[in-house]
Amino acid sequence: MAYEMTFYPWHATFKNKIISQFQEQKLAHALLFSGPGYLGKFDFAQLLSRLFLCEDILAELPCGSCAACHLLAAGTHPDYRLIEPVDSKLIKIEQVRELIVWLGQTAQRSGFKIVIINPAQQMNHQSANALLKCLEEPTPNTLIFLITSQPGSLLPTIRSRCQQYSFHKPDQEMALDWLMEQYPEISKPKNLLDIADGLPLAVVNKLDKDYLARRLLVVTALITILTAQVNPVAEALKFSKHEMAEVFETCHAILADGIKFKLTRDLAVVKNSDMALEIERVGEACSNDLLFAAIKRIEADLKVLNGPTNPNKNFLLESLFVDLGSGQSNQILEFGL
Ligand SMILES: [Zn+2]
């Protein structure tokens, strides 16, 4: 049976480089994959791990049928480890200590061991320092992948010990071709790709078939709040069961489109180009100051929502809507910062 995972076309350059270095036994012992989310950095590291551990040495993709491939698929390969945050949002020192012990042991199968640390910025200071020792004094025949969307949050000493690969989004043609080929059932692929900031994996993973309907709810709420027709608290309540980061991201995208359209009068520059009328209304309802303040505020809120604390999500949205309804840019900014 053919193995179903394949490399994404936008990884081709990195893939060729890393595979040839591996074959020539010149690969660094630690690789850092950085770049925005939804570029498939983790998938890439995982597929490389499977390929390097596959026991069919001539395979260009993991063969899917050797013993190593079966063990990896079952999650029981003894020479592969995935280190991720457990229960809390942090990678804990105990996990790194356990990893160090494992790295010190001899590989059980092909003689090669691979670990993926994802996301690497979730290591706390203690964990990062412990890992640093592994990077400074690498054990032979091991490969460590570190994945991060925030390379600036890693210890500089960790970064400098890794071979760094900085991932960028694919050009639009490649992204659209891939999306239409892999997901021919998606309607409006170009529209969704624009909304997803040109990231095809974000289209696939974030924008399910109900996304456009959910986006419409958010946009409608925003417009009614900005034109002071409703009680913002009641509007916020409507979203209590929604994925809150998505609600904030949608607000951000629409308000950002509002300011872009206001400044350029050009629909080609907006992401939600199918919502021209709504974006124009947002622009008309708000001053530039208000839009800029709201965008900054939402970015601060999103950091809180995606951070390690456990904020009261409904309260965050309620506060945002109340402040947006007030129409005072100072008030909007003060809460978020
Ligand atoms: Zn195999």
Side-chain angles (χ1 to χ4, degrees), residues 1-35 38-84 86 91 95-96 98-120 131 134-135 138-148 162-165 167 170 174 177-179 181-183 200-201 204-205:
M1 188 182 72
Y3 197 76
E4 76 264 27
M5 273 176 104
T6 53
F7 288 100
Y8 300 120
W10 54 91
H11 292 159
T13 314
F14 288 169
K15 177 197 85 167
N16 295 338
K17 186 175 169 191
I18 292 170
I19 290 178
S20 65
Q21 286 182 345
F22 178 77
Q23 286 164 344
E24 293 161 20
Q25 302 190 340
K26 287 181 183 158
L27 193 60
H29 60 272
L31 308 185
L32 174 62
F33 293 167
S34 64
Y38 297 103
L39 284 176
K41 301 184 296 295
F42 174 68
D43 293 347
F44 185 50
Q46 213 181 24
L47 192 49
L48 286 172
S49 306
R50 289 177 176 220
L51 178 62
F52 294 161
L53 291 171
C54 172
E55 288 160 6
D56 177 351
I57 51 165
L58 293 175
E60 289 181 9
L61 282 170
C63 76
S65 50
C66 72
C69 282
H70 282 306
L71 288 167
L72 279 164
T76 51
H77 195 296
D79 300 327
Y80 171 80
R81 281 281 189 282
L82 171 60
I83 306 290
E84 293 178 304
V86 280
I91 292 173
Q95 291 171 269
V96 180
E98 192 269 341
L99 175 70
I100 293 171
V101 172
W102 177 78
L103 284 170
Q105 296 161 357
T106 319
Q108 295 187 35
R109 294 192 65 88
S110 64
F112 203 75
K113 284 192 291 186
I114 300 183
V115 52
I116 300 179
I117 301 180
N118 179 49
L131 181 76
C134 303
L135 299 178
T139 46
N141 299 321
T142 54
L143 177 57
I144 302 177
F145 291 108
L146 291 104
I147 319 280
T148 185
C162 299
Q163 194 171 75
Q164 300 187 38
Y165 290 85
F167 286 63
M174 183 189 278
D177 282 352
W178 180 85
L179 196 58
E181 195 185 307
Q182 301 289 321
Y183 297 88
L201 294 177
V204 176
N205 292 307

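As a basis for the values below, the full set of heavy atoms in this structure was taken, side chains included, without hydrogen atoms, waters or symmetry mates. We count ligands from 1, going down the list as the structure has it; atoms in each ligand are counted the same way. By convention here, the first residue in the shown sequence is residue 1.
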- prompt: Checking His29 side chain against Leu135 main chain: does a donor-acceptor pair fall under 3.5 Å?
  reply: yes
query: Does any N or O in the side chain of Asp56 come within less than 3.5 Å of the main-chain N or O of Cys63, such that one atom is a donor and the other an acceptor?
result: no
message: Strictly distance-based, threshold 3.5 Å: is any side-chain N or O of Trp178 a donor or acceptor partner for the main-chain N or O of Tyr183?
response: no
- prompt: Within the side chain of Trp10, is there an N or O that forms a donor-acceptor pair under 3.5 Å with the backbone of Leu39?
  reply: yes
query: Excluding waters, which protein N, O or S atoms are within less than 2.8 Å of the Zn ion (ligand 1)?
result: Cys54 SG, Cys63 SG, Cys66 SG, Cys69 SG
- prompt: Do Ile91 and Val86 have side chains that get closer than 4.5 Å, going by heavy atoms?
  reply: no
- request: For residues His11 and Phe14, establish whether the separation of their ring centroids is below 6.0 Å.
  value: no
